[in-house]
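A short write-up of the structure that comes next.
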Amino acid sequence: MPDQDLNPRGEDAPVRTIARSDVAALAAGAAIFGTGGGGAVQTEQLAVELAIDQYGPVSVISVDDLTDEDAVIVISAIGAPSVGIEMLVAEGQTDTIVREVERFTGRPMTAVMAAEIGGSNGVAPVGWAARLGLKVLDADGMGRAFPKGTMISMNVAGLPSEFAVMSDAVGNVSLLRTINLAWLERHARALTVASGGISLGAHYVLTAKTAPGAVIEGTVSRAIQVGRRLLAAADPIAALSDELGAEVVVTGKIIDVDRNTEGGFTRGSVTVEGVGPDRGRLIRVEIQNENLVIIEDGVVVASVPDLITIVDSETGEAISTELLRFGQRVSVLAWACDPLWRTERGLELTGPRAFGYDLDYAPFAPDVDGGRR
C-alpha cells in the first residue's frame, strides 16, 4: 500500500482487537517508542504471535470501558536489556505473578497494562493476556520507555504503589511493601541484580476509579499505527518523521560504542559520524537503557524526557541500545514527549537532572528551517 494512502497521524481508530497480523506493527511501533530501551522486540514478537496462534486474538479496552469489576495488573520486565536478550521469561513466570497479586488483593485480574509501551515491555503484555485469558488496556505508564520504576505516570499523578510482586526465571517470588516508589526502585533493582540482571514485576493494580488521569491513554493503538506506517512506507525515515512529528537530527554511521552493564542497567554512549549532507558532523548519544541525551559540539541538542530513537537508515527499524554496533548506518530521530513529562513533577522524575546530568531541560522542537543548528 503506498505510503501516501495511509491515514494522517492521529486519525486512526482505536484498536479493539489484536490479531496475529497486528503483532509485527505493534512490535515495530513499540521499538520506536522504546527510545533504545524497554528490551529488544524481536523475541517477544515471536512469543506473542505464538500465544495468539494458541489462544486466539486479544481484546483491547479503553480506560472509559473499565467497570467496577475490572482490575488491571501492570506488569513489566525489569533490568538490563543486554541481559534480557539471553535470559528469557520462564514458562509460567507471568502466571505466578498474577496469582500472587490476586492472592494479595483478593480479587481476580481482568486486564493487563504495559508499564511502558516502549520496547519488548510494550509487546509482551499482549502475549501474557492471550495466555491468561485477559484483556489489554489501551494505555501505559510512560508513553515511551524509562529505566526506573519511579518514572511512571501514576507517580506523577500521585497514585501510590501499595505493593509489588517480583518473579525471576528460576522461580523465586518476592512480595514488596515499600514506603514509596523510590524505595521500591532500590529494592526491586537489588533483587533483579541478584536474579542475574533481569526479572518480571507488577507494582500497580488499576481500577475504573484510579486509572483515569493516572495513565497515558491510547498508546497501544498508537504504537500499532506507527508500526503500520513504518512497515508500509517506501521511505521509512520520512514516514517516521512525519508520523511522529520528529526531526532527523543526523544520518550517519556509528564509529564508537561505549557500553557496559552495571547495577541492573545498560549504561554508556554511542558516537555517530554524519554522512552525506551531514558529513563532518559528530554527535554523541548518552544512554542508560534508553537514549537520554544528544550532544553535538558540546551543546545539548535534545534530552529526556523528549524521545530520542536510533533507527536503521534503510529500513527505519529501531535499534535498541544493547544491539548498537560499530559501522551501523543509522538515523537519529528526536521528538516531543507527552505533555505529562513537561510538568514540574514530570521533569523532577524524568528530566536530565534525574539521571545525574547538571543541565536544565530545554523542550525539543523540530528544526524546520535549519536555524536551531
Side-chain angles (χ1 to χ4, degrees), residues 3 9 22-46 48 76-77 80-82 84-85 114 116-124 126 140 142-147 219-220 222-233 235-254 257 259 266 268-270 272 283 285-294 302 304-325 327-337 364:
D3 183 51
R9 64 175 177 266
D22 299 310
V23 179
L26 171 63
I32 295 295
F33 286 111
T35 62
V41 299
Q42 291 84 353
T43 301
E44 288 303 336
Q45 178 181 336
L46 296 173
V48 172
S76 69
S82 54
I85 292 177
E116 55 186 2
I117 192 59
S120 64
N121 273 333
V123 181
V126 177
D140 80 306
M142 299 181 187
R144 45 161 300 157
F146 280 122
T219 51
V220 176
R222 181 70 175 130
I224 292 175
Q225 178 184 335
V226 169
R228 287 173 177 164
R229 180 84 185 269
L230 169 61
L231 296 177
D235 185 344
I237 305 303
L240 281 175
S241 180
D242 176 64
E243 182 70 32
L244 298 167
E247 177 184 334
V248 182
V249 177
V250 71
T251 295
K253 63 180 179 180
I254 294 177
V257 178
R259 179 180 52 220
T266 298
S269 65
V270 58
V272 179
I283 71 161
V285 181
E286 297 285 323
I287 63 177
Q288 180 182 326
N289 287 9
E290 285 72 36
N291 305 311
L292 302 181
V293 181
I294 301 175
V304 282
D306 290 327
L307 289 82
I308 301 165
T309 291
I310 300 175
V311 303
D312 183 284
S313 290
E314 294 296 323
T315 66
E317 179 182 350
I319 306 173
S320 54
T321 55
E322 68 272 25
L323 297 179
L324 294 168
R325 298 289 185 270
Q328 287 172 323
R329 297 296 179 116
V330 300
S331 296
V332 181
L333 279 65
W335 68 100
C337 62
F364 181 81

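Along the sequence shown, residues are numbered consecutively beginning with 1. Because the structure is predicted, anything quoted here is derived from the model rather than measured.
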Fill in the blank from the handout: Phe33 meets the ring pair (Phe, Tyr, Trp, His ring centres under 6.0 Å) criterion, sequence neighbours left out, with none

Problem - Under 3.5 Å: donor-acceptor pair, side chain of Ser331, backbone of Thr251 - result: no

Exercise for the section: Sequence neighbours left out, what passes side-chain hydrogen bond (donor to acceptor under 3.5 Å, both in side chains) with Glu317? Give chain and number order. Expected result: Gln42

Practice task
Determine whether Val220 and Ile117 make a side-chain contact, defined as any pair of heavy atoms from C-beta on separated by less than 4.5 Å.
Solution key: yes

Handout entry: side chain to side chain contact (heavy atoms under 4.5 Å, CB included) evaluation trace for Thr315 with Leu230
Key = CA-CA 9 Å; Thr315 66; Leu230 169 61; over 6 Å; no

Completion exercise
Heavy-atom nearest pair, Val249 first then Ala334, reads CG2-CB, 3.9 Å

Completion exercise
Taken in chain and number order and not counting sequence neighbours, the residues that satisfy side chain to side chain contact (heavy atoms under 4.5 Å, CB included) with Ala318 are Ala31, Ile32, Thr309, Val311

Problem - Contact summary for Glu44 and Ala124, nearest pair of heavy atoms - result: OE1-CB, 3.4 Å

Practice task
Could you check Ile294, Leu307, Asp306 and say which one makes a side-chain contact (heavy atoms from CB on, under 4.5 Å) with Phe364?
Solution key: Asp306

Fill in the blank from the handout: Closest non-hydrogen atoms of Ala223 and Ala30, given as atom of the first, atom of the second and distance, are CB-N, 4.0 Å

Handout entry: Any residue meeting side-chain hydrogen bond (donor to acceptor under 3.5 Å, both in side chains) with Ser320, in chain and number order, not counting sequence neighbours
Key = Glu322

Exercise for the section: Report yes or no: does Glu116 contribute a side-chain atom to a donor-acceptor pair with the main-chain N or O of Phe146 at less than 3.5 Å? Expected result: yes

Fill in the blank from the handout: d(Glu314 CD, Ile237 CD1) to nearest 0.5 Å is 8.5 Å

Problem - Residues in side-chain hydrogen bond (donor to acceptor under 3.5 Å, both in side chains) contact with Glu290, at least two apart in sequence or another chain - result: none

Completion exercise
dist Asp242:CG -> Asp235:CG (nearest 0.5 Å) comes out at 10.5 Å

Problem - Atom pair CZ (Arg228) and CG (Asp22), whose distance is rounded to the nearest 0.5 Å - result: 5.0 Å

Handout entry: Closest contact, heavy atoms only, Ala27 versus Val123
Key = CA-CG2, 3.8 Å

Exercise for the section: Would you check if the side chain of Arg144 reaches a backbone N or O of Pro305 as a donor-acceptor pair within less than 3.5 Å? Expected result: yes

Handout entry: Separation between CG of Leu324 and CD1 of Ile310, rounded to the nearest 0.5 Å
Key = 5.0 Å

Practice task
With rounding to the nearest 0.5 Å, note down the distance linking CH2 in Trp335 to CD in Glu243.
Solution key: 11.0 Å

Practice task
Specify the closest pair of heavy atoms between Gly122 and Ala114, including all atoms of both residues, with the distance to one decimal.
Solution key: CA-CB, 4.2 Å

Exercise for the section: First locate atom CG of Leu26, then atom CD1 of Ile224, and finally report the distance between them rounded to the nearest 0.5 Å. Expected result: 5.0 Å

Handout entry: Thr219: side-chain hydrogen bond (donor to acceptor under 3.5 Å, both in side chains) partners, not counting sequence neighbours
Key = Asp140

Exercise for the section: Would you indicate whether the side-chain heavy atoms of Arg325 and Ile319 approach each other to under 4.5 Å? Expected result: no

Practice task
Keeping the roles fixed (side chain from Ser313, backbone from Val330), state whether a donor-acceptor pair exists under 3.5 Å.
Solution key: yes

Exercise for the section: Would you confirm whether Ser241, through its side chain, and Ala246, through its main-chain N or O, come within 3.5 Å as a donor-acceptor pair? Expected result: yes

